[in-house]
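Step one of this worksheet: look at the structure below.
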Amino acid sequence: MPKTIVFGFVRSLHDLFTAMWIGGLLTTAFTFMPVFKEAKEKIKGLGAVLISYQKRLGTIALISIIGLWITGLLLGNQSPAYSGFMNFSNTYNILLSVKHLLIFVMILVAIYRRFVLGKNIQSFDARQQKIYGMFLMVNALLGVIVLFLSGISSAMG
């Protein structure tokens, strides 16, 4: 019974970190950014709010990624179907490997969006805003795909 409780706790933490990272991304893409886009001309100082929001969400994302890495290592040891990181030997491992590749792409997109595109976010013109938003939507879509792959692999493993 204690092993089940520990596994359940680790699984819950993994789900919590996923919810914080992907949930924050989806909330930003589908709720916050549309509101920001509509109100940016009407409310002074909204750019500073966006920068503060992105910094806080970035901190949550970083903590979540580290938490997902640690709990993912622990969870991988629990599944008899798991045979190593980036292993394509069976369907379960293929799903996990594709999921990990997508997560890596998501991290690269987030770094590019935040530190390359986002360094001058307060002075964006319409084209730059569109590109920034496009990268956000790409990451949100990748996040949804990662969630589906996680669900399918969890049902298998």
Side-chain angles (χ1 to χ4, degrees), residues 6-37 47 49-124 127-157:
V6 171
F7 177 71
F9 180 72
V10 171
R11 178 85 234 168
S12 296
L13 284 175
H14 196 77
D15 291 346
L16 177 64
F17 290 129
T18 301
M20 288 172 30
W21 181 27
I22 306 297
L25 182 61
L26 292 172
T27 300
T28 301
F30 296 113
T31 305
F32 184 76
M33 291 308 285
V35 169
F36 175 80
K37 187 177 177 182
V49 170
L50 177 61
I51 290 169
S52 178
Y53 176 81
Q54 292 289 359
K55 283 181 183 177
R56 287 176 189 244
L57 191 60
T59 301
I60 289 171
L62 181 60
I63 291 167
S64 296
I65 290 167
I66 293 167
L68 285 165
W69 177 67
I70 293 167
T71 57
L73 288 172
L74 296 170
L75 291 173
N77 292 330
Q78 295 295 315
S79 173
Y82 182 70
S83 56
F85 182 69
M86 298 309 289
N87 183 307
F88 293 87
S89 62
N90 58 42
T91 305
Y92 179 79
N93 286 307
I94 290 169
L95 288 172
L96 285 182
S97 295
V98 170
K99 180 179 99 168
H100 293 139
L101 287 170
L102 291 176
I103 289 168
F104 181 69
V105 170
M106 288 177 71
I107 291 168
L108 291 177
V109 168
I111 289 169
Y112 180 75
R113 189 173 58 87
R114 172 128 186 242
F115 296 108
V116 176
L117 292 178
K119 64 183 174 185
N120 298 319
I121 199 166
Q122 284 186 310
S123 61
F124 273 2
R127 184 183 145 275
Q128 291 168 315
Q129 288 173 4
K130 190 171 187 166
I131 292 170
Y132 187 84
M134 181 189 70
F135 276 103
L136 178 62
M137 294 306 276
V138 165
N139 249 6
L141 176 63
L142 290 174
V144 170
I145 294 168
V146 164
L147 289 175
F148 280 108
L149 291 173
S150 292
I152 294 167
S153 63
S154 289
M156 294 177 74

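Values reported hereafter were calculated over all heavy atoms of this structure, with side chains retained and with hydrogens, waters and symmetry mates removed.
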Sub-4.5 Å side-chain heavy-atom contact between [X] and [Y]:
{"X": "K99", "Y": "I145", "value": "no"}
{"X": "M20", "Y": "L16", "value": "yes"}
{"X": "M33", "Y": "M137", "value": "no"}
{"X": "W21", "Y": "I65", "value": "yes"}
{"X": "F7", "Y": "L75", "value": "yes"}
{"X": "L25", "Y": "M106", "value": "yes"}

Which atom of [X] lies closest to which atom of [Y], heavy atoms considered:
{"X": "G24", "Y": "Y53", "result": "O-OH, 4.2 Å"}
{"X": "G72", "Y": "H14", "result": "N-ND1, 3.6 Å"}
{"X": "A140", "Y": "F30", "result": "CB-CE1, 4.2 Å"}
{"X": "I131", "Y": "L117", "result": "CG2-CD1, 3.9 Å"}
{"X": "L136", "Y": "A29", "result": "CD2-CA, 3.6 Å"}
{"X": "L74", "Y": "V10", "result": "CB-CG1, 3.9 Å"}

Got a second to check how far [X]'s [atom1] is from [Y]'s [atom2], nearest 0.5 Å?
{"X": "N139", "Y": "I107", "atom1": "CG", "atom2": "CD1", "value": "9.5 Å"}
{"X": "H100", "Y": "N87", "atom1": "NE2", "atom2": "CG", "value": "12.0 Å"}
{"X": "S150", "Y": "I103", "atom1": "OG", "atom2": "CD1", "value": "6.5 Å"}

Next on the checklist: For F9, I'd like to know if atom CZ has over 12 heavy atoms of other residues, nucleotides or ligands within 6.0 Å.
Outcome noted: no
Next on the checklist: Can you tell me if F88 has over 12 outside heavy atoms packed within less than 6.0 Å of its CZ?
Outcome noted: yes
Checklist entry - S52 side chain to V49 main-chain N or O, any donor-acceptor pair under 3.5 Å? => result no
Next on the checklist: Quick one, Q129 with M134, criterion side-chain contact (heavy atoms from CB on, under 4.5 Å). Give me CA distance, side-chain angles, the key distance, then yes/no.
Outcome noted: CA-CA 8 Å; Q129 288 173 4; M134 181 189 70; over 6 Å; no
Next on the checklist: So, applying side chain to side chain contact (heavy atoms under 4.5 Å, CB included) with I22, which one of L147, V144, L142 is it?
Outcome noted: L147
Next on the checklist: Determine whether M86 and L96 satisfy the following criterion, side-chain contact (heavy atoms from CB on, under 4.5 Å), listing intermediate values before the conclusion.
Outcome noted: CA-CA 8 Å; M86 298 309 289; L96 285 182; over 6 Å; no
